[in-house]
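A short worksheet on the structure shown next.
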Amino acid sequence: MTTPKYDFKSIEEKGHRKWRQANLFATHPEPRKKYYMLEMFAYPSGDIHIGHFRNYGIGDAVTRFRLMQGYDVLHAFGWDSFGLPAENAAIKHGVHPREWTLRNITTGRQTLQRMGLSYDWEREVVTSEPDYYKWTQWLFLLLYERGLAYRAPSLVNWCPNDGILANELVQDGRCWRCQSEVGKKEIENCWFFRYSDFAARLLDDLDRLDGWPETIKLLQRNWIGRSEGCEIDFDFGGQKLTVFTTRPDTTWGVTFMVVAPEHPIAAEVAQTQPKVAAYIQQALRKKEWERIAEGEKDGVFTGLTVTNPLNGEEVQLWVADYVVATYGTGVVMGVPGHDTRDFAFAKRYGIPIRVVIQPPGNGLEAETMEDAYVGEGTMVNSGALDGTPTPDGIPAVIEYLAQKGLGRPKVNYRLKDWLVSRQRYWGCPIPIIHCAECGPQGVPETELPVRLPLEQTQFVAEGRSPLADNPEFMRATCPRCGAPAERDPDTMDTFVCSSWYHFRYVDARNEAAPWDKEKAKTWLPVDLYIGGSEHACMHLLYFRFITKVLHDAGWLPTDEPTQRLFNHGMVYDAQGLLMSKSAGNVVSPNAIMSQWGVDVCRLAMFFFAPSEDEIRWKETGLVGAQRFAQRVWDRVHDARDVEDTRAAQRKLHQVIRKVTASFEGDLHFNTSMAAIMEFMNLSKQLSRSSATTLVQLLAPLAPFMAEELWEMLGHPGSVFRTSWPTYDEELAREEEVEVVVQLNGKVRGRFTAAADTSEEDLRAQALRDPAVQKALSGKEPRKVIVARGRLVNVVV
RNA sequence: GCGAGAGUGGCGGAACUGGCAGACGCGCUAGAUUUAGGAUCUAGUGGGUAAAACCGUGCGGGUUCGAGUCCCGCCUCUCGCACCA
């Protein structure tokens with residue numbers, strides 16, 4: 001009876017066959033105990049890479065664990081398949097974007113299936129296919145009907161290669177994809193979602209998301225950027241010039257006003273003043289990153305003044321590009337005494353500085369200041385409010401302003417509305433018809449989807465959407481008056497497509513509705529969502545926003561998409577460098593699976609580090625995993641009908657406890673594996689019963705091998721249809737412990753004792769220790785500390 | 001600049017509410033076995049010493065019987081935001 005070779009190839013084939021025949025991962029139509037496991041779906045660019053391998057490996061392990069725990073699991077996959085690379089490939093290789101996309105999906109799916117991932121493939125979605133994007137259009141119309149989609153002109157980021165870019169896609173003034181410098185361009189009619197209306201909810205509800213990492217919540221809080229303050233109306237020759245400030249208590253210190261170059265007043269002034277016009281032109285031509293590069297602040301005086309409503313003073317009006325047009329009202333009140341940026345600006349242009357907040361020690365004088373004083377203090381030079389301390393000054397001024405009708409309390413957010421129009425071909429068409437008479441009209445639901453014309457060959461158009469050049473696509477009739485009209489030529493940001501895919505999984509083949517509300521009630525919210533943290537402020541915020549919108553509209557049972565979020569770490573090469581095609585250091589999942597087998601690759605991945613940490617992909621990890629797998633294989637084959645020793649039994653129950661806790665909690669499979677290894681090191685001869693348990697514990701981590709060993713042990717059916725091992729606290733408990741004897745905190749001896757030995761007895765036994773006896777030499781110890789089950793420290 | 005997180009052997013990483021630092025693995029050393037091995041098995045492996053003592057969790061202080069863990073002050077690295085009024 002020799003042990004058969006561990007041949008991963010035949011085992012994998014067998015496993016695939018077995019699971020397919022048993023339809024193991026089909027979603028239960030009427031779950032009694034649901035678990036919705038979700039991983040971020042993939043963009044189909046070429047093949048699956050090692051980062052996906054990690055992400056989906058973790059999700060698969062959790063899915064299999066939950067199945068064994070008796071849950072009915074929903075676990076599906078899809079493709080975020082609209083987007084730029086398909087167009088780029090089309091231009092470069094002359095393949096149609098759809099063809100390129102579908103080809104990549106086929107390749108990617110094969111790799112995922114080879115990995116044996118536990119997806120219910122019947123629910124696969126492809127966002128660029130009409131049966132999916134029909135409902136993306138439906139979603140757009142839902143927002144439109146609820147007043148949450150509107151059209152406005154927009155100064156957009158413009159990349160010479162990739163066209164319009166969302167702010168999030170501009171990194172250090174460069175395009176996230178092609179690295180070209182990004183400029184600005186005015187686009188007339190852009191669609192926006194009223195995202196910022198949800199800022200407060202998106203912020204406040206973070207407090208309810210207990211299962212989200214604090215770091216992600218913090219990133220979102222900063223991104224939303226709430227700040228409390230007030231608006232103050234200054235007077236500009238009869239016009240209101242409103243500013244937002246968080247420091248109304250410094251309003252008496254205003255010595256100038258600044259508007260952003262993009263502000264309408266700047267344009268107005270420019271008409272009569274060539275100097276201002278020239279400045280604006282130059283400022284707008286600057287690249288974003290040049291403006292942002294801190295330090296020198298330049299601007300231009302308009303020659304005009306504005307009146308401070310609190311003291312009636314006339315102050316100079318400037319235009320300067322350190323003012324951000326899209327934040328607040330695009331106007332800043334210049335308080336050089338108490339704001340560092342205003343200070344720098346005032347110094348440069350010789351604008352007066354006035355102290356209106358006196359710090360605790362007093363003695364602050366405008367003439368000798370080297371920087372603004374931004375701390376707390378007492379108000380001075382502020383009329384009736386002189387003597388008020390800072391914390392009281394702010395509300396006092398706000399109240400005063402409100403009473404006089406000169407201002408109002410205001411909470412401002414950094415979060416801006418979501419610009420969803422893209423002037424691209426390969427995206428979801430915006431389902432709007434523009435009628436000269438009736439204005440923009442939503443396409444009636446019965447006419448959805450508005451199909452993307454596939455015969456298109458032109459994918460780039462200078463400064464406008466390529467679809468605008470397709471007369472057949474553009475031709476439409478107004479749904480309201482029946483007159484000839486035009487379609488909207490834009491497509492949507494792909495973040496719209498990815499904001500709701502997890503709802504579609506719930507009922508992916510529904511042709512009459514995006515999903516059935518009852519099914520949504522059954523499965524939602526998602527129990528665990530796994531993906532990379534790079535999506536913290538984009539996808540993950542849009543995803544929450546859309547959930548809230550759909551919840552308000554009665555389509556969802558919850559207004560948060562997922563209970564728990566888990567961010568896996570990135571995978572780097574052995575040198576710690578990001579893998580990339582250009583660096584030539586890409587580890588292909590297919591290559592390593594061929595060489596080592598799926599299970600060994602998974603085990604190596606899991607054992608490298610905790611799931612949230614970054615890992616460096618090294619071959620040595622595979623060697624270790626290989627040995628471990630081989631050892632398990634041999635030991636299970638050697639299992640006999642023997643009695644387990646008490647020690648082995650105890651260890652096994654401890655391991656069950658440990659592994660279960662990792663799956664339910666931190667997903668630290670590295671320590672789960674370490675625990676299993678410890679058990680194997682302790683128990684060289686496995687009993688059939690402990691081998692059975694061992695195989696079950698290993699099944700979520702190394703599914704193919706476990707399935708084979710399960711059969712080999714003579715058990716019927718699939719290991720994934722059995723129930724997860726349970727542990728017995730009694731059996732797991734240590735009966736004996738080693739107690740350390742310390743002398744003044746240093747280890748000097750040790751003895752074993754029953755775990756439940758009383759403190760008194762432990763103390764007595766420690767004092768009998770020869771080293772202690774010697775040190776005491778008959779004297780009484782100063783102090784004896786007993787830590788039950790651990791140590792006794794004798795202080796002399 | 002602001003915010004967050006992290007610094008532990010040659011390497012990846014363990015360490016519950018403060019209680020034996022270095023689990024588990026890689027690598028290395030020695031031995032066994034083998035025609036051979038990136039195979040398997042056994043023993044060892046933080047520094048230091050003949051053996052002890054002693055020294056060791058980025059650095060400097062502190063609290064404590066006892067600190068990788070708590071407090072204060074630094075240094076370094078990673079990530080996020082970045083003229084946000």
Side-chain angles (χ1 to χ4, degrees), chain A residues 172 213-223 225-227 229 232 243-248 250 258 260 289 291-297 320-335 338-342 344-345 374 412-416 533-534 536-537 570 574 576 603-604 607-610 612-628 630-631 634 661 668 670-681 684 738-750 781-796:
Chain A
D172 295 323
E214 283 305 318
T215 50
I216 295 290
K217 288 194 275 185
L218 190 71
L219 287 177
Q220 293 206 347
R221 282 192 188 101
N222 294 342
W223 191 262
R226 180 182 197 273
S227 57
I232 305 177
V243 300
F244 170 75
T245 181
T246 55
R247 291 294 301 273
T250 65
V258 205
W289 59 271
R291 271 180 70 168
I292 279 171
E294 248 170 285
E296 282 299 284
K297 290 177 176 32
D321 67 6
Y322 80 91
V323 178
V324 178
T326 51
Y327 184 78
T329 58
V331 183
V332 165
M333 57 182 215
V335 186
H338 306 287
D339 181 282
T340 41
R341 296 148 305 182
D342 297 343
F345 191 75
V374 296
N412 201 48
Y413 294 92
R414 205 185 74 105
L415 196 73
K416 288 174 235 156
S533 59
E534 67 273 18
C537 298
M570 304 239 272
L603 290 171
F607 194 65
F608 270 126
E612 68 270 28
D613 285 7
E614 65 166 55
I615 57 175
R616 294 179 179 200
W617 187 261
K618 291 184 181 166
E619 279 249 323
T620 53
L622 286 156
V623 173
Q626 163 89 278
R627 262 180 226 162
F628 171 64
Q630 184 68 52
R631 199 149 47 228
D634 294 342
H668 286 189
N670 58 330
T671 50
S672 302
M673 283 177 63
I676 293 171
M677 289 169 180
E678 277 184 61
F679 171 71
M680 296 217 304
N681 290 344
K684 309 261 147 130
E738 193 179 39
V739 179
V740 166
V741 180
Q742 289 186 336
L743 245 179
N744 294 332
K746 302 209 166 171
V747 182
R748 283 295 177 271
R750 51 191 71 215
R782 269 233 317 261
K783 203 170 180 181
V784 180
I785 290 101
V786 182
R788 282 286 297 278
R790 289 174 201 277
L791 60 70
V792 180
N793 188 11
V794 181
V795 184
V796 295

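Letters go in sequence order (proteins before strands), and every chain restarts at 1.
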Query raised in the report: With a non-hydrogen cut-off below 4.0 angstrom, is Gly225(A) in contact with a base, only sugar-phosphate, or nothing?
Result: nothing
Query raised in the report: Hey, does the side-chain of Arg616(A) have a donor or acceptor N/O within less than 3.5 Å of a partner on the base of C11(B)?
Result: no
Requested in this report: Check whether the side chain of Arg414(A) and the base of C81(B) form a donor-acceptor pair under 3.5 Å.
Outcome: no
Report task. Round to the nearest Å and state the distance from Leu743(A) atom CG to G19(B) atom C1'. Result -> 16 Å
Query raised in the report: For atom C1', what is the distance between U8(B) and A14(B), given to the nearest Å?
Result: 10 Å
**Report entry** Interatomic spacing from CZ in Arg616(A) to CZ in Phe608(A) - rounded to 0.5 Å
**Finding:** 11.5 Å
Query raised in the report: Quick one: CD on Gln626(A) to CD on Gln630(A), what's the gap to the nearest 0.5 Å?
Result: 6.5 Å
Report task. Measure from CD on Glu614(A) to P on G80(B) and round the result to the nearest Å. Result -> 12 Å
Query raised in the report: According to a strict under-4.0 Å criterion, is Arg627(A) in side-chain N/O contact with OP1 or OP2 of C26(B)?
Result: yes
Report task. Indicate, with a heavy-atom threshold strictly under 4.0 Å, whether Val332(A) touches base, sugar-phosphate, or nothing. Result -> base
Query raised in the report: Choosing from G80(B), A14(B), C24(B), which nucleotide comes nearest the side chain of Thr671(A)?
Result: A14(B)
Query raised in the report: Which heavy-atom pair separates Ala536(A) from Gln220(A) by the least distance, and what is that distance?
Result: O-NE2, 2.8 Å
Query raised in the report: Which base, if any, makes a Watson-Crick or G-U wobble pair with U35(B), both distances under 3.5 Å?
Result: none
Report task. Figure out the CZ/P separation between Arg221(A) and G5(B), and round it to whole Å. Result -> 12 Å
Query raised in the report: Given that both distances must come in under 3.5 Å, which nucleotide forms a Watson-Crick or G-U wobble pair with A30(B)?
Result: U42(B)
Query raised in the report: Taking C-beta and beyond as the side chain, do Tyr322(A) and Asp342(A) meet within less than 4.5 Å on heavy atoms?
Result: yes
Report task. Remember a base hit wins even if backbone is also touched, and classify Asn670(A) as base, sugar-phosphate or nothing at under 4.0 Å, heavy atoms. Result -> sugar-phosphate
Query raised in the report: Under 4.0 angstrom, heavy atoms only, what part of the nucleic acid is Glu214(A) near: base, sugar-phosphate, or nothing?
Result: nothing
Requested in this report: For nucleotides A52(B) and G44(B), find the distance between their P atoms and express it as a whole number of Å.
Outcome: 15 Å
Query raised in the report: Is the base of G31(B) syn or anti, where syn means the angle lies within 90° of 0?
Result: anti
Report summary line: By the Watson-Crick or G-U definition, both distances under 3.5 Å, C20(B) is matched with none
Report summary line: Whole-Å distance, Glu612(A) CD to A6(B) C1', equals 12 Å
Query raised in the report: Considering only heavy atoms from C-beta outward, does the side chain of His668(A) approach that of Glu612(A) to under 4.5 Å?
Result: yes
Report task. Hunt down the Watson-Crick or G-U wobble partner of G80(B), both distances under 3.5 Å, from any strand shown, or write none. Result -> C2(B)
Query raised in the report: Just to confirm, is there a sub-4.0 Å distance from OP1 or OP2 of C20(B) to any side-chain nitrogen or oxygen of Arg748(A)?
Result: no
Query raised in the report: At under 4.0 Å between heavy atoms, what does Arg631(A) touch on the DNA or RNA strands: base, sugar-phosphate, or nothing?
Result: sugar-phosphate
Query raised in the report: If we take the C1' atom in both G47(B) and G22(B), what is their distance in whole Å?
Result: 13 Å
Report summary line: Under a 3.5 Å limit on both distances, the Watson-Crick or wobble mate of A14(B) is none
Query raised in the report: Using the C1' atom in both, what is the distance from U49(B) to U35(B), to the nearest Å?
Result: 44 Å
Query raised in the report: For Arg750(A) and C20(B), what is the distance between atoms CZ and C1' respectively, to the nearest whole Å?
Result: 5 Å
Requested in this report: Hey, which sits more toward the 5' end of RNA chain B by its nearest nucleotide, Pro610(A) or Met333(A)?
Outcome: Pro610(A)
Query raised in the report: Does U64(B) have OP1 or OP2 sitting under 4.0 Å from an N or O in the side chain of Asn793(A)?
Result: no
Query raised in the report: What nucleotide among C24(B), C20(B), G13(B) has an atom nearest to a side-chain atom of Ala609(A)?
Result: G13(B)
Query raised in the report: To the nearest Å, how far apart are Glu619(A) CD and G27(B) P?
Result: 12 Å
Query raised in the report: What is the nucleic acid contact for Ile785(A), judged by heavy atoms within less than 4.0 Å: base, sugar-phosphate only, or nothing?
Result: base
Requested in this report: Please determine which of Leu791(A), Val792(A), Val795(A) meets the side chain to side chain contact (heavy atoms under 4.5 Å, CB included) test together with Ile785(A).
Outcome: Val795(A)
Requested in this report: Check whether any side-chain heavy atom of Met333(A) sits under 4.5 Å from a side-chain heavy atom of Thr250(A), and report yes or no.
Outcome: yes
Report task. Could you tell me whether Gln742(A) contacts a base, only the sugar-phosphate backbone, or nothing, with contacts defined as non-hydrogen atoms closer than 4.0 Å? Result -> base
**Report entry** Side-chain N,O (Asn412(A)) to OP1/OP2 (A85(B)) below 4.0 Å
**Finding:** no
Query raised in the report: Is there a Watson-Crick or G-U wobble partner for A53(B) with both distances under 3.5 Å, and which nucleotide is it?
Result: none
Report task. Could you tell me whether Leu791(A) contacts a base, only the sugar-phosphate backbone, or nothing, with contacts defined as non-hydrogen atoms closer than 4.0 Å? Result -> base
Query - Assigned partner base of G9(B), Watson-Crick or wobble definition, under 3.5 Å - result: none
Query raised in the report: Heavy-atom distance under 4.5 Å between the side chains of Arg782(A) and Val796(A), does that happen here?
Result: no
Query raised in the report: Does Ala787(A) or Phe244(A) map to a spot on RNA chain B nearer the 5' end, using the closest nucleotide for each?
Result: Ala787(A)
Query - C1' gap between G9(B) and G3(B), integer Å - result: 33 Å
Query raised in the report: From the list A85(B), A23(B), C65(B), which nucleotide is the closest neighbour of the side chain of Val324(A)?
Result: A85(B)
Query raised in the report: How far does OG1 of Thr326(A) sit from CZ of Arg414(A), to the nearest 0.5 angstrom?
Result: 9.5 Å
Report summary line: Rounded to whole Å, CG of Leu603(A) lies from P of C26(B) at a distance of 13 Å
Report task. Among Asp339(A), Ile232(A), Val332(A), Asn412(A), find the residue that satisfies the side chain to side chain contact (heavy atoms under 4.5 Å, CB included) test when tested with Thr245(A). Result -> Ile232(A)
Query - Under-4.0 Å side-chain N/O to phosphate OP1/OP2 contact, Lys746(A) with A52(B) - result: no
Query - Rounded distance in Å - CZ (Phe345(A)) to C1' (A85(B)) - result: 14 Å
Query raised in the report: Between the side-chain atoms of Lys783(A) and the base atoms of C65(B), is any donor-acceptor pair under 3.5 Å?
Result: no
Query raised in the report: Just to confirm, is there a sub-4.0 Å distance from OP1 or OP2 of U40(B) to any side-chain nitrogen or oxygen of Lys684(A)?
Result: no
Query raised in the report: What does G73(B) pair with, Watson-Crick or G-U, if both distances are under 3.5 Å?
Result: C59(B)
Query raised in the report: Looking only at atom C1', what distance separates G68(B) and U57(B), rounded to whole Å?
Result: 5 Å
Report summary line: Testing G25(B), G80(B), G38(B) for proximity to the side chain of Val623(A), the answer is G38(B)
Query raised in the report: Taking the same atom, P, in G27(B) and in C77(B), what whole-Å distance lies between them?
Result: 32 Å
**Report entry** Shortest side-chain distance from Phe607(A), nucleotide among G19(B), G12(B), G3(B)
**Finding:** G12(B)
**Report entry** OP1 or OP2 of A85(B) under 4.0 Å from side-chain N/O of Ser227(A)
**Finding:** yes
Query - P spacing across the pair U64(B) / G25(B), given as an integer number of angstrom - result: 41 Å
